[in-house]
Colleague: 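For reference, the structure I am asking about is given below.
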Amino acid sequence: MSNSSHFTNKDRQYKAVFFETFGCQMNKLDAELSLGLLQEEGYRIVDKVDEADVILFNTCSVRQHAEDKVYSHLGALKTVKKRNPEVIVGVLGCMAQKDGESIFKRMPHVDLVCGTRMFSRLPELLLNIKNHGSHVLAVDEDQIVNVKRAVTFRPNFYQAFVTVMRGCDNFCSYCIVPYVRGREISRTIADIKEEAQALVSNGCKEVTLLGQNINSYGKGLAGGVTLGDLLSQLNDIDGLERIRFVTSHPADMSRDLIRTINRLEKVCKHLHMPAQSGSDQILERMRRGYTAGYYRDFISYARELIPHISVASDFIVGFPGETDEDFQKTVQLMEDVRFQNCFIFKYSPRTGTKAADLEDDVIDEVKRARNKKLLELQKGISLEENKKLIGTKVQVLVEGGSKSDPNRLSGRTRQNHIVVFNGSQDMVGRQIDVMIHEVTDLTLFGKPENYS
Ligand code: SAM
Ligand code: SF4
């Protein structure tokens with residue numbers, strides 16, 4: 001079935017949909033695409049469950065905690081459904097793909113379970129429920145890589161995420177993603193460029209390219225294209241000012257790509273390249289395909305070529321068998337590399353992955369203590385690094401009102417620092433220079449040039 005509208009006017013629902021997303025940027029983008037599709041079919045988006053005819057949860061299954069949260073939200077909908085049996089409840093995305101039919105057994109009031117590669121059929125699936133009744137399961141492995149985008153429907157007018165590939169072939173031993181998002185499929189450069197061009201024509205200034213393992217972009221496409229080729233092509237789009245990309249995998253990252261990033265003026269000098277651990281033994285058991293030494297050398301190379309490049313990372317603490325000595329090596333890596341920021345996760349066993357066969361032998365108390373230690377260490381490093389920016393001028397793409405103080409403006413530097421400042425509305429959507437005079441570990445505060 002194509003993405004074009006397949007409804008007659010009689011079929012059209014004009015109903016209210018409540019949509020909540022859990023998890024990563026990829027899920028957020030899937031939500032944006034799904035909402036765009038539903039809006040085209042006449043659905044209205046509401047932000048209160050009580051006002052909705054359709055309630056959809058777009059889910060995450062990377063850690064148990066994320067799943068528990070969704071099941072608890074779903075449980076709470078039992079009373080809503082009792083009050084109004086006409087309401088449609090749907091579970092979408094990673095948890096839907098992973099748990100499939102069993103969701104109906106555990107939560108009989110759920111009407112729809114729609115996997116990671118089926119959400120482009122959402123309007124049709126909702127119609128099926130209306131016409132044929134509840135418990136519609138859609139978790140086939142459709143090879144959908146292009147989903148029509150309603151370019152006018154996006155949360156941030158000046159910034160947009162663009163999927164360049166779906167799935168992952170890496171099979172890190174702890175990770176559920178390859179099982180729930182399937183094998184890697186890359187979109188063609190022509191498709192991605194067309195989407196980026198349409199976004200720019202609609203006012204977008206910055207695109208962030210999304211892929212679970214973005215450095216292997218192009219695998220399977222004709223002509224041996226690479227992420228570097230894609231970045232070069234996008235760099236030529238008139239009106240596009242900034243290009244970002246996530247997430248980089250150290251084993252697939254190349255020095256050639258660093259040279260390309262250096263050469264292309266629109267590509268932001270920022271890497272999100274998760275190290276996961278500083279211990280070679282743990283990295284091997286995680287099946288990451290690199291050592292801590294390799295990671296350090298790579299970052300040194302990148303910083304030699306691009307001194308102002310910023311680097312962010314993810315770490316998992318409490319992986320099976322992680323000793324105090326292993327953990328110290330992670331602390332050491334963090335101290336040596338001095339990341340701009342890091343996401344720290346407690347290991348959570350995922351049924352079906354290789355690591356789930358290993359005993360989850362680091363007790364929760366130790367996981368929590370290690371998590372806290374890394375968070376505190378990173379907080380200190382971020383603050384020290386940000387302090388170095390006091391008295392310097394940074395270039396900010398202004399996104400709009402600050403979340404913490406809507407009277408002030410907020411935006412990001414090319415290195416991905418959040419900057420908050422007093423300014424005028426006409427600055428929104430523009431790149432402006434801001435002089436930094438105060439910082440926290442998370443935010444820079446400053447004053448735009450020529451603004452009194
Ligand atoms: N593809 C990206 C990569 O390889 O870096 C990230 C994918 S994953 C959605 C985001 C982060 O979740 C990972 O970098 C990892 O640190 C963490 N993660 C994945 N599986 C986990 C698990 N079973 N327990 C705890 N953290 C996990
Ligand atoms: Fe998961 Fe590893 Fe793939 Fe990232 S690269 S999505 S951590 S399997």
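Order of appearance sets the numbers: ligands from 1, and atoms from 1 within every ligand.
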Colleague: Which of the numbered atoms in ligand 1 are below 4.0 angstrom from a heavy atom of R350?
Modeller: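 What qualifies from ligand 1 is 23 (N).
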Colleague: Out of H272, R288, Q276, who gets a non-hydrogen atom closest to atom 16 (O) of ligand 1?
Modeller: Q276
Colleague: Which ligand 2 atoms does R288 reach within 4.0 Å, using its non-hydrogen atoms?
Modeller: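 Checking each atom against R288, I get 2 (Fe), 7 (S).
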Colleague: Looking only at protein heavy atoms, identify the closest one to atom 6 (C) of ligand 1 and say how far it is in Å.
Modeller: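 Ranking protein heavy atoms by distance from atom 6 (C) of ligand 1, first comes Q212 OE1, 3.9 Å.
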Colleague: Number the atoms of ligand 1 from 1 as they appear, then name those within less than 4.0 Å of a heavy atom of P274, with their elements.
Modeller: 5 (O)
Colleague: Measure the distance from atom 19 (C) of ligand 1 to every protein heavy atom, then report the residue, atom name and distance (to 0.1 Å) of the closest one.
Modeller: V62 CG1, 3.4 Å
Colleague: Just by modelled atom types, is the T323 backbone N or O under 3.5 Å from a matching donor or acceptor in the D326 side chain?
Modeller: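 Yes: the side chain of D326 pairs with the backbone of T323.
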Colleague: If we ignore hydrogens and angles and just use 3.5 Å, is the side chain of S313 paired with the main-chain N or O of A275 as donor and acceptor?
Modeller: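 Judged by distance alone, yes, a pair lies under 3.5 Å.
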Colleague: Could you identify the single nearest non-hydrogen protein atom to atom 25 (C) of ligand 1 and state the distance to 0.1 Å?
Modeller: K346 O, 3.3 Å
Colleague: Pull out every atom of ligand 1 sitting under 4.0 Å from any heavy atom of R63, numbered as shown with elements.
Modeller: 12 (O), 17 (C), 18 (N), 24 (N), 25 (C), 26 (N), 27 (C)
Colleague: Can K28 and E32 be counted as an ion pair, charged N to O under 4.0 angstrom?
Modeller: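 No.
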Colleague: Mind counting the protein N, O or S atoms sitting less than 2.8 Å from atom 3 (Fe) of ligand 2?
Modeller: 1
Colleague: Could you check, using the six-membered ring where one of them is a Trp, whether F315 and F339 have ring centers closer than 6.0 angstrom?
Modeller: yes
Colleague: From the options A355, S348, S173, select the one whose nearest heavy atom is closest to atom 22 (C) of ligand 1.
Modeller: S348
Colleague: Polar-atom distance check: H249 versus ligand 1, any N or O pair below 3.5 Å?
Modeller: no
Colleague: Any salt bridge linking K329 with D280? Criterion: basic side-chain nitrogen under 4.0 Å from a carboxylate oxygen.
Modeller: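 So K329 does not pair with D280 through a salt bridge.
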Colleague: Among N213, V177, L210, D314, which one puts a heavy atom closest to atom 11 (C) of ligand 1?
Modeller: D314
Colleague: Taking side chain as C-beta onward, heavy atoms only, is Y71 less than 4.5 Å from M107?
Modeller: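 With C-beta onward as the side chain, the pair touches.
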Colleague: For ligand 2, does E184 get within less than 4.0 Å through its side chain, its backbone, both, or neither, judged by non-hydrogen atoms?
Modeller: neither
Colleague: For ligand 1, which atoms, with element, lie under 4.0 Å from some heavy atom of T247?
Modeller: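 Going through ligand 1 atom by atom, the ones under 4.0 Å from T247 are 2 (C), 3 (C), 5 (O).
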Colleague: Near Y347, which atoms of ligand 1 are under 4.0 Å from a heavy atom of that residue?
Modeller: 24 (N), 25 (C)
